[in-house]
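Structure first, then comments.
Proteins get letters first, then strands, A, B, ... in listed order; numbering begins at 1 in each. Please read all numbers here as calculations on a predicted model, not as lab measurements.
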Amino acid sequence: MKITKQEVLYVAHLSRLNIDETSIDKFSEQIGKILEYIDTLNTVDTKDIKETSHAIFLTNAFREDVESPHLNRDASLLNAPQEEDGNFVVPKVIG
Amino acid sequence: MNLYELSIGEAQNLLKKKEISSKELTKAVLDRIESLEDKIGAYITVTRDTAIKDAENSDERILKGDISPLTGIPLSIKDLICTKGIKTTCASKILESFVPPYDATVMGKLKQQGAVIVGKTNMDEFAMGSSTEHSYFKTTHNPWDKTRIPGGSSGGSAASVAANMCLGSLGSDTGGSIRQPASHCGVVGLKPTYGRVSRFGLVAFASSLDQIGPITKNVYDTAILMNAISGYDSNDSTSVPKDVPDYTLSCKQEGLKGIVVGIPKEYQSIEGIDKDVYSNIQKAIKKIENLGATLREVALPHTSYAVAVYYIIAPAEASSNLARYDGVKYGYRDFDKTTLMEMYKSTRDKGLGAEVKRRIIIGTYALSSGYYDAYYKKASQVRTLIVNDFKEAFKYCNVILSPVAPTPAFKIGEKIDDPLTMYLSDIFTLSANLSGIPAISVPCGFSSQNLPIGLQIMGNYFDEETILKVAYNFEKC
């Protein structure tokens with residue numbers, strides 16, 4: 001197996017995802033098969049080849065640091081699952 | 001002829017001559033949606049009331065002589081392009097009730113021209129898929145055969161155009177998501193050069209690959225929409241400050257004399273190409289030669305690695321982009337959980353579908369400590385080789401031809417449990433995203449089962465004009 005059940009669960013934790021226990025075997029197998037296929041890349045010689053992160057040549061898009069209008073607070077909070085006094089509310093972080 | 005059957009170009013002429021009103025046209029399209037939506041399932045949201053109001057406003061504009069190419073034209077929009085005040089769900093439970101407080105740049109451009117938005121179309125969740133089966137809300141059926149997929153991820157957009165449930169649509173293409181559904185539904189779809197169209201307000205999937213583009217009934221309509229949506233935008237730091245030509249002029253050039261057409265020899269040996277697809281593509285190549293173009297064999301030696309490269313890079317970028325769905329700022333939250341960590345994990349588990357989770361896991365794994373060099377770095381290096389293949393090939397030709405998909409539309413449910421097989425069907429479309437070049441899908445015939453087949457015409461960077469010219473001449477002949 002290319003990736004173990006434990007590894008899938010560990011990566012799921014890193015991605016802040018619960019994975020349903022009943023589907024973990026199928027899930028690990030599917031991901032394992034995909035990773036095995038991706039191993040075909042190892043047959044390519046990439047010595048001294050630069051990586052491409054963007055296909056188009058781009059430089060930093062700088063602009064003047066000038067104040068300009070942005071979404072106001074109410075609009076930004078409009079879709080919040082829970083808000084109070086203009087803030088996002090989340091469950092307790094520190095016990 | 002029914003009004004909903006009009007192309008954008010035809011409707012524009014009739015509106016200009018005041019032979020029809022936008023309100024009549026929009027109502028005809030909305031009624032068409034109402035009568036077919038149960039069978040096709042193209043739309044997640046239909047905006048009947050605002051559409052009629054927008055049409056009335058456009059009619060007033062037209063009366064005053066203030067008419068642009070899209071004034072009063074009913075369009076549909078893939079449900080991952082932000083529309084102010086209209087739900088934008090990405091076909092995900094996690095964004096089921098998300099109403100964007102702002103418009104994507106492309107929406108602003110369409111509205112400025114007075115286009116009428118009739119609704120938001122179905123798609124694979126967060127654009128991850130090739131069949132539109134990975135939608136939280138519904139399955140979209142191919143208008144040519146309702147037991148089959150419309151393609152994906154912009155399957156709702158392509159089906160809505162093919163079934164005359166709008167005059168044209170905007171989709172997005174990360175690995176073929178405009179071209180493949182256009183091919184399966186027998187319509188035209190263009191993925192512009194990376195950076196040609198602003199991505200501001202496009203919900204991000206894989207940021208180095210995503211582009212917005214048109215899906216339309218014919219090539220001329222694609223040119224009209226490209227004129228409307230292209231151009232630099234300071235809100236998108238990856239948009240390229242380059243002048244926008246008048247793309248409709250490409251549809252006024254007769255013949256293909258002087259055009260060199262590249263035929264990649266590697267594409268001949270790709271396994272699993274359907275015989276009807278193969279024969280229709282061969283016929284299309286012959287027709288293009290008869291139009292005056294010169295054929296030339298070109299080499300794209302790293303073709304067979306495109307799927308492996310893509311299915312590392314796209315999930316890696318997605319795993320980062322989708323970290324924002326955490327139940328805090330917008331979207332679904334699992335309120336049953338009492339600690340922050342439990343809330344994050346449960347919200348994302350319940351809010352995201354299986355394919356999205358699969359890709360987040362693969363992407364996170366490929367970026368994680370100890371695996372980064374083996375997967376992400378390696379894939380990014382092979383991506384460079386794919387880019388170099390195209391740069392080299394375009395030294396010898398103006399366009400490159402290929403099928404869009406190896407087979408016509410497959411049956412609903414056929415590949416849903418086999419993600420790798422589904423991924424492999426993207427072989428012809430992925431390279432244009434990895435290399436950033438523009439590519440169009442244009443109908444080129446039918447299979448023995450009467451399913452549409454699309455021809456892909458890929459062009460050099462920012463040379464949408466040539467692919468439109470080739471596509472237009474091919475469409476006409």
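When heavy atoms are compared at a cutoff of 4.5 Å, Ser319(B) does not approach chain A at all. Of the atoms belonging to Ala379(B), heavy atoms from both backbone and side chain fall under 4.5 Å from chain A. Phe390(B) does not touch chain A: none of its heavy atoms, backbone or side chain, sits under 4.5 Å away. For Lys350(B), no part sits under 4.5 Å from any heavy atom of chain A, backbone or side chain. For chain A, the nearby part of Leu434(B) is the backbone; its heavy atoms alone come within less than 4.5 Å. Of the two parts of Thr347(B), neither the backbone nor the side chain holds a non-hydrogen atom closer than 4.5 Å to a non-hydrogen atom of chain A.
Interface remark: of the candidates Tyr344(B), Tyr375(B), Tyr365(B), Tyr330(B), Tyr365(B) forms the most heavy-atom pairs closer than 4.5 Å to chain A. Contact tally against chain A (heavy-atom pairs below 4.5 Å) for Phe335(B), Tyr376(B), Tyr332(B), Phe462(B): the top residue is Phe335(B).
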Subject >> Trace of the salt bridge (Lys or Arg N to Asp or Glu O under 4.0 Å) decision for Arg358(B) with Glu355(B) >> reply: CA-CA 5 Å; Arg358(B) 229 170 355 243; Glu355(B) 178 61 18; 2.6 Å; yes
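Within residues 309-316 of chain B, the residues having any heavy atom closer than 4.5 Å to a heavy atom of chain A are Val309(B), Tyr311(B), Ile312(B), listed by residue number.
Under a 4.0 Å N-O distance rule, the pair Asp417(B)/Lys26(A) qualifies as a salt bridge. Between Asp39(A) and Lys2(A) there is a salt bridge, since a side-chain N of the basic residue sits under 4.0 Å from a carboxylate O of the acidic one.
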